[in-house]
Amino acid sequence: MIETTGSLNFIEQIVVDDLAREKALEIHTRFPPEPNGFLHIGHAKSIVLNFELAKKYGGKTNLRFDDTNPAKEDEKYVEAIKEDVKWLGYDWGKVAFFASDYFEELYQLAIQLVKAGKAYVDQSSTEEIRRMRGIPIEPGEESPYRDRPIKENLDLFRKMKQGEFEEGSCVLRAKIDMASPNMHLRDPIMYRIIDAPHHRTGTDWKIYPMYDWAHGQSDAMEGITHSLCTLEFEVHRPLYDWYLDQLPEFTPRPRQIEFARLNLTYTLMSKRKLLELVEGGYVSGWDDPRMPTISGLRRRGYTPASIKNFAQRVGIAKRENMIDLGLLEHSVREDLNKITPRVMAVLNPLKIVLTNYPENQVEEMEVINNPEDDTQGSRKVPFSRELFIEREDFMEDPPKKFFRLGPGRMVRLKSGYIIQCDEVVKDAQTGETQELHCTYFPDSRSGSDTSGLKVRGTLHWVSAQHAVDAEVRLYDRLFKVEDPAGEKDMDYRDLLNPESLIVLPAAKVEPYLQHSKPEDRYQFMRKGYFCVDKDSAPDKLVFNRTVTLKDSWAKLAKKK
Ligand code: ATP
Ligand code: MG
């Protein structure tokens with residue numbers, strides 16, 4: 001739900017005011033991705049805004065692909081985008097729309113503008129057009145082709161469409177004002193020739209509409225009431241309105257409203273750069289769990305609810321800002337804390353042998369699945385003579401404050417017994433600790449402890465003979481600097497965090513996880529939240545770390 005307590009965000013306020021004025025108004029928004037890459041967390045903010053707003057006020061939301069540049073777009077992105085929007089939990093109705101559905105209609109509207117003397121074919125070179133556009137503080141220069149007769153324009157425009165001209169040899173421009181202080185109104189290009197097959201219209205078209213021409217008219221044709229976009233389009237708004245002014249048949253008209261895009265620390269959000277990371281092999285693909293893409297976050301273990309909560313938490317602002325990645329991580333912890341079972345997994349195993357525990361005995365220890373949620377029940381975890389604990393939970397020469405295991409020290413094994421370390425067995429050659437020989441206290445069993453022993457540390461563990469092998473992938477932020485896009489004289493590829501992925505190939509997890517499927521999520525006690533990766537197989541489970549347990553945002557929230 002969009003926040004309703006407190007004040008409404010400024011876009012919602014506009015919607016509420018519009019509804020108060022026009023009782024019969026049906027709110028109609030759209031999400032307009034260009035299918036030239038996968039969606040990222042920034043897009044999620046826009047998706048949540050558009051869909052939730054319409055949902056709340058009884059309206060609807062279109063999914064419309066802005067597929068006006070065949071040189072960069074692809075059907076595979078269309079499919080991926082649909083999948084992501086669906087996974088987030090949104091429904092765009094029976095059909096997805098495409099700007100390319102309107103190519104013929106847009107062409108006819110352009111002819112209407114030419115006939116009205118509002119558009120002309122310019123045969124200046126790209127370079128000339130750029131030069132004559134000038135700079136904002138001085139007027140530009142009018143093209144020598146600007147005042148050619150309407151008939152000639154119609155003829156040339158038709159020829160452009162029929163493919164009689166080379167790419168770059170001419171464009172159709174709106175005739176507005178070469179002296180406007182707004183550069184977007186200096187006779188903007190409406191159509192350019194692109195000689196590339198389009199993923200939907202094939203080779204039918206040789207000319208393609210520019211974003212500004214296609215967008216507002218597509219909004220109008222679909223009956224969009226509120227066209228929400230990011231701040232960089234604010235300067236395009238006069239053009240958005242100018243086109244609609246020329247086409248009075250479109251009433252009522254859509255209204256463009258801009259909001260601040262989402263920027264996240266340690267994250268790049270430009271699709272161009274994300275594509276470069278994929279193509280350059282810096283990550284394993286668009287859905288690499290380190291990518292800020294929706295499919296990457298999904299593979300990393302994020303839930304749709306956590307992404308929605310995050311999007312609503314950051315809110316809708318009018319000014320650019322930078323959001324702490326920690327807030328996104330907080331949102332997923334908050335959700336996973338409630339929904340995931342807490343299980344035991346040893347990422348870096350060290351074997352311990354309980355020398356006084358009977359050789360063939362196995363006990364079933366009862367472990368509560370999630371203390372936050374009784375309905376999740378409990379499970380049995382086998383306990384036996386040989387166990388694995390975390391290598392870092394043992395120190396041969398521990399400082400005083402180390403409450404874990406050391407020679408002669410005692411700890412409790414979670415939901416099991418208290419043990420004491422008697423002997424450290426080392427590899428003769430390397431001197432590395434190979435295993436620990438310990439004794440357990442039979443009367444210290446969790447739940448029926450009569451031993452009277454007091455220990456400070458509790459360790460997680462798995463039974464060696466029952467454990468399942470796993471590979472664990474520890475992910476961290478992809479960039480080592482807070483604002484990779486802001487480091488102007490550095491290539492962002494040199495700012496990648498070399499420790500963004502650490503693979504632990506020999507982890508051991510409790511048998512309860514044996515039949516886990518990709519996207520199953522768990523809390524590994526003391527270690528963080530993890531989910532099963534799509535690379536997982538029954539004989540070799542693969543887990544991705546979604547996020548560690550330490551939450552700096554939760555502490556801040558409590559202090560307030
Ligand atoms: P990029 O700049 O990364 O290439 P884009 O904005 O060109 O992305 P589109 O596919 O055109 O990508 O975006 C679809 C919609 O998502 C647009 O309405 C755009 O304003 C919105 N959007 C894109 N990035 C963000 C962001 N970081 N925060 C909020 N909305 C965004
Ligand atoms: Mg765009």
Side-chain angles (χ1 to χ4, degrees), residues 9 11 29-54 61-69 71-74 76-82 84-85 88 90 92 96-100 209-212 214-216 218-219 222 224 226-237 240 254-279 286 291-297 307-308 310-323 325 327-328 483-486 492:
N9 73 55
I11 294 181
T29 58
R30 86 288 169 267
F31 172 64
E34 182 177 1
N36 62 351
F38 279 50
L39 298 181
H40 53 57
I41 182 74
H43 294 113
K45 170 172 170 170
S46 172
I47 293 169
V48 172
L49 172 66
N50 279 291
F51 279 90
E52 293 291 342
L53 199 59
T61 304
N62 288 2
L63 173 63
R64 183 200 317 136
F65 290 93
D66 166 31
D67 56 345
T68 50
N69 182 0
K72 289 190 175 160
E73 296 157 7
D74 198 291
K76 70 174 186 231
Y77 297 128
V78 171
E79 291 314 311
I81 289 169
K82 284 182 175 172
D84 288 346
V85 176
L88 284 174
Y90 294 112
W92 56 84
F97 295 91
F98 292 83
S100 57
M210 296 298 287
Y211 171 87
D212 287 308
H215 202 81
S218 303
D219 281 346
E222 291 174 14
I224 301 302
H226 299 81
S227 182
L228 313 179
C229 60
T230 36
L231 279 182
E232 68 272 24
F233 291 100
E234 190 171 9
V235 285
H236 295 241
R237 187 175 357 119
Y240 184 97
R255 168 173 180 190
Q256 177 180 304
I257 307 167
E258 309 85 18
F259 63 95
R261 62 170 45 234
L262 172 70
N263 299 304
L264 258 189
T265 57
Y266 300 99
T267 306
L268 273 185
M269 220 90 85
S270 141
K271 272 195 274 187
R272 180 180 62 79
K273 289 177 183 166
L274 296 179
L275 176 65
E276 283 170 4
L277 289 176
V278 172
E279 292 190 330
W286 283 100
M291 289 282 271
T293 51
I294 296 178
S295 52
L297 290 167
I307 293 175
K308 269 192 230 179
F310 169 73
Q312 294 180 339
R313 231 176 221 143
V314 300
I316 302 301
K318 284 191 204 185
R319 239 175 266 254
E320 288 286 341
N321 54 13
M322 177 74 91
I323 302 292
L325 181 60
L327 187 59
L328 179 64
D483 183 12
Y492 66 93

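Ligands are counted one by one from 1 in listed order, and the atoms in each one are counted from 1 as well.
- Using a 4.5 Å heavy-atom cutoff, the side chains of His215 and Arg64 are in contact.
- Taking the six-membered ring for Trp and thresholds of 30 and 60 degrees, Tyr77 and Phe38 have ring planes more than 60 degrees apart, a perpendicular arrangement.
- Considering His43, Glu34, Arg64 only, the shortest heavy-atom separation from atom 22 (N) of ligand 1 involves His43.
- Numbered from 1 in the order shown, with element, the atoms of ligand 1 that lie under 4.0 Å from a heavy atom of Pro33 read 10 (O), 14 (C).
- Residue Leu262 has at least one N or O atom closer than 3.5 Å to an N or O atom of ligand 1.
- Of the candidates Ile307, Leu49, Val48, Val48 is the only one forming a side-chain contact (heavy atoms from CB on, under 4.5 Å) with Gln312.
- Here is the list of ligand 1 atoms found below 4.0 Å of a heavy atom in Ser270: 3 (O).
- Of all the atoms in ligand 1, the ones that sit under 4.0 Å from a non-hydrogen atom of Arg261 are 2 (O), 6 (O), 24 (N), 25 (C), 26 (C), 27 (N), 28 (N), 29 (C).
- Annotation: side chain of Ser295 is not in contact with side chain of Leu39 (no heavy-atom distance under 4.5 Å).
- Polar contact check, Arg30 against ligand 1: no nitrogen or oxygen pair lies under 3.5 Å apart.
- Distances below 4.0 Å separate heavy atoms of Thr230 from the following atoms of ligand 1: 19 (C), 20 (O), 29 (C), 30 (N), 31 (C).
- Residues satisfying the side-chain contact (heavy atoms from CB on, under 4.5 Å) test with Ser270, not counting sequence neighbours, are Arg272, Lys273.
- Between Glu258 and Arg237 there is a salt bridge, since a side-chain N of the basic residue sits under 4.0 Å from a carboxylate O of the acidic one.
- Annotation: cation-pi pair Lys308/Tyr90 present, NZ/CZ under 6.0 Å from the ring centroid and within 45° of its normal.
- At least one N or O atom of Met269 sits closer than 3.5 Å to an N or O atom of ligand 1.
- Polar contact with ligand 1: present for Gly42 (N/O pair, distance under 3.5 Å).
- At a heavy-atom cutoff of 4.0 Å, ligand 1 is contacted by the side chain of His40 but not by its backbone.
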